[in-house]
Amino acid sequence: MRSTRVLVTGAGGFIGHHLVTYLKARGYWVRGVDLKYPEFSATDADEFEILDLRRWDNSLQATRGVEEVYGLAADMGGMGFISAHHAQILHNNTLINFHTLEAARINGVQRYLFTSSACIYPEYKQTDTNVTPLKEEDAYPAQPQEAYGWEKLITEQLCQHYRREYGLETRIVRFHNIFGPLGTWEGGREKAPAALCRKIAIAKLTGNNEIEIWGDGEQTRSFCYIDDCLTGIFKLMRSDYHEPLNLGQDRLISINELADMIADIAQVKIVKKHVPGPQGVRGRNSDNTRLRQVLNWVPEISLEEGLARTYAWIEDQVRAKLNLGR
Ligand code: NAD
């Protein structure tokens with residue numbers, strides 16, 4: 001029997017690279033597309049094409065001959081990056097998503113999963129560290145994160161209209177802070193868990209125990225390990241559910257607590273130095289009621305376990321970069 005043929009866009013990035021491996025292990029034929037190859041290990045894709053999905057001709061090429069598309073390509077990064085490049089992000093991500101979705105329709109793709117974000121939730125619901133977890137219907141009246149969040153919200157709308165009017169089966173997942181090994185850990189696009197792992201690994205390996213935290217560190221988030229993210233994406237794609245769905249953990253933790261947890265894993269004492277920096281909303285958590293109902297599943301890997309695996313990988317990266325042996 002012929003394998004189902006799927007496209008993963010953003011397959012050179014963190015989640016896309018892991019997803020290619022996950023889908024290959026389940027018998028799919030996979031094409032990966034990205035502006036770049038994965039940075040930290042070779043792709044498992046059957047075919048990997050370097051394409052720029054902002055370009056219409058490239059989007060048509062990427063989506064040819066596949067039945068399903070997992071759309072993960074995006075110009076994105078952590079809070080430092082997405083709060084400082086609004087024009088670039090809104091421009092690039094709009095082109096990527098509008099072109100890829102339309103090209104998928106023209107090429108007769110049957111299922112299309114769009115990766116949205118918790119950044120679509122209104123800022124007025126996230127002003128307190130002890131925030132009420134966000135339900136899917138909280139998205140409206142809309143007041144999302146500037147540029148990055150607005151683009152995600154409008155592409156959610158586009159996906160829903162494509163399903164209703166063209167019969168393309170779209171799925172929409174709203175990630176809440178996914179982390180794990182093989183993700184960007186330096187250079188300005190890294191997110192809080194990777195940045196903290198790097199800072200703490202450097203503290204451990206150099207003996208300089210002071211680490212910088214943006215703001216007072218009391219801002220809160222929930223963090224979901226990559227393996228749970230992959231399980232959730234796959235279950236959603238196979239389900240009949242076509243409304244937007246949260247995918248994240250619902251354990252709220254402050255950035256200060258996250259740093260302490262990583263320092264415990266690294267077995268190093270740290271001194272936190274609070275410095276000015278972008279913090280995003282004051283608090284954000286996922287309400288997983290709908291996720292549990294729809295997929296009969298919620299993320300299972302504990303934060304401690306996920307961070308231990310992530311820290312070990314980042315410490316190795318830092319060690320190699322600092323030219324330190326084991
Ligand atoms: P990532 O930055 O590691 O991967 C995105 C990939 O898209 C990169 O490899 C990048 O090169 C590629 N890309 C950018 N512009 C492109 C273009 N013009 N053409 C082709 N490829 C292009 O990010 P990620 O963490 O793997 O995120 C994947 C998806 O999940 C994105 O849509 C992101 O917005 C969404 N998301 C992620 C998180 C998270 O915590 N990681 C949270 C919310 C939403």
Side-chain angles (χ1 to χ4, degrees), residues 78-80 82-83 116-146 148-150 152-153 173-180 190-197 199-200 211-226 228-229 232 244-265 270-295 297-308 310-311:
M79 198 40 68
I82 65 173
S83 59
S116 185
S117 164
C119 292
I120 63 92
Y121 285 112
E123 298 196 341
Y124 59 79
K125 287 202 175 270
Q126 306 174 78
T127 54
D128 196 68
T129 54
N130 189 20
V131 63
T132 305
L134 294 157
K135 287 187 189 341
E136 285 77 358
E137 57 269 30
D138 289 334
Y140 299 96
Q143 192 200 334
Q145 159 125 21
E146 268 182 276
Y148 178 74
W150 274 110
K152 292 288 191 196
L153 201 57
V173 62
R174 291 178 182 157
F175 292 147
H176 290 248
N177 299 312
I178 313 301
F179 73 98
E190 67 279 17
K191 305 188 190 76
L196 289 173
C197 286
K199 290 176 187 180
I200 290 168
I211 67 149
E212 289 191 348
I213 306 249
W214 290 348
D216 66 2
E218 292 303 311
Q219 62 273 29
T220 53
R221 296 290 187 279
S222 67
F223 297 93
C224 178
Y225 189 62
I226 181 70
D228 277 331
C229 170
L245 192 66
N246 283 335
L247 177 48
Q249 279 281 9
D250 56 3
R251 173 176 172 191
L252 198 63
I253 181 170
S254 73
I255 298 298
N256 286 330
E257 289 166 336
L258 187 70
D260 290 338
M261 196 182 274
I262 298 169
D264 277 351
I265 289 165
I270 52 163
V271 178
K272 296 193 275 295
K273 184 180 171 199
H274 294 102
V275 297
Q279 300 169 51
V281 293
R282 193 67 180 145
R284 172 179 292 155
N285 197 3
S286 176
D287 184 314
N288 285 348
T289 312
R290 177 100 29 99
L291 179 68
R292 191 175 285 108
Q293 275 166 4
V294 168
L295 300 185
W297 169 90
V298 285
E300 291 162 346
I301 298 161
S302 72
L303 187 54
E304 286 82 355
E305 174 62 28
L307 282 176
T310 309
Y311 178 79

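Nothing fancy with the numbering, it's 1 onward along the sequence.
Asp260 meets the salt bridge (charged side-chain N to carboxylate O under 4.0 Å, His left out) test with Lys272; sequence neighbours excluded.
The local environment of CD in Glu123 is crowded, with over 12 non-hydrogen atoms from other residues, nucleotides or ligands closer than 6.0 Å.
Here the CG-CD distance, from Leu134 to Glu137, works out to 10.5 Å after rounding to the nearest 0.5 Å. Atom OG1 of Thr310 sits about 11.5 Å away from atom CZ of Phe223, to the nearest 0.5 Å. Distance check: Tyr225 OH to Leu307 CG gives 9.5 Å after rounding to the nearest 0.5 Å. To the nearest 0.5 Å, atoms SG (Cys197) and NZ (Lys191) are separated by 13.0 Å.
With no hydrogens or angles considered, no side-chain donor-acceptor pair links Ser254 and Asn256 at under 3.5 Å. For the residue pair Tyr311 / Asp264, no side-chain donor-acceptor distance below 3.5 Å is found, with atom types taken as modelled.
Using a 4.5 Å heavy-atom cutoff, the side chains of Ile213 and Lys199 are not in contact. At a threshold of 4.5 Å between non-hydrogen side-chain atoms, the residues Glu300 and Asp228 count as touching. Met79 places a side-chain heavy atom less than 4.5 Å from the side chain of Gln145. Looking at heavy atoms from C-beta onward, Leu245 lies in side-chain contact with Leu295 at the 4.5 angstrom threshold. Between Cys224 and Phe175 the shortest side-chain heavy-atom distance does not fall below 4.5 Å. With contacts defined as side-chain heavy-atom distances shorter than 4.5 Å, the pair Arg221/Val281 qualifies.
With hydrogens and angles disregarded, a donor-acceptor distance shorter than 3.5 Å links the side chain of Gln219 to the backbone of Trp214. Remark: side-chain polar atoms of Ser222 are not paired, donor with acceptor, to backbone N or O of Asn285 under 3.5 angstrom. Although no hydrogens or angles enter the test, the distance criterion places a donor-acceptor pair under 3.5 Å between the side chain of Gln249 and the main chain of Ile301. Counting only distance, with no hydrogens or angles, the side chain of Arg174 and the backbone of Pro244 share no donor-acceptor pair below 3.5 Å.
The two residues Thr129 and Leu252 come nearest to each other via the heavy atoms O-CD2, 3.4 Å. Between Ser117 and Tyr148, the shortest heavy-atom distance links the atoms OG-CE2, 3.7 Å. What you find for Pro299 and Leu291 is that their closest heavy atoms are CD-CD2, 3.7 Å. Closest heavy-atom contact between Ile178 and Cys229: CG2-CB, 3.7 Å. Closest heavy-atom contact between Pro133 and Asp138: O-OD2, 4.1 Å.
Between His176 and Tyr121, the ring planes are tilted. Angles from 30° to 60° get that label.
For the side-chain hydrogen bond (donor to acceptor under 3.5 Å, both in side chains) criterion with Lys135, the lone passing option out of Asp287, Asn246, Asn288, Thr289 is Asp287. For the side chain to side chain contact (heavy atoms under 4.5 Å, CB included) with Cys119, the qualifying choice from Lys152, Glu146, Arg284 is Arg284, the only one to do so.
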Salt bridge (charged side-chain N to carboxylate O under 4.0 Å, His left out), that's the test. Do Arg251 and Glu257 meet it? Break it down for me.
CA-CA 12 Å; Arg251 173 176 172 191; Glu257 289 166 336; over 6 Å; no
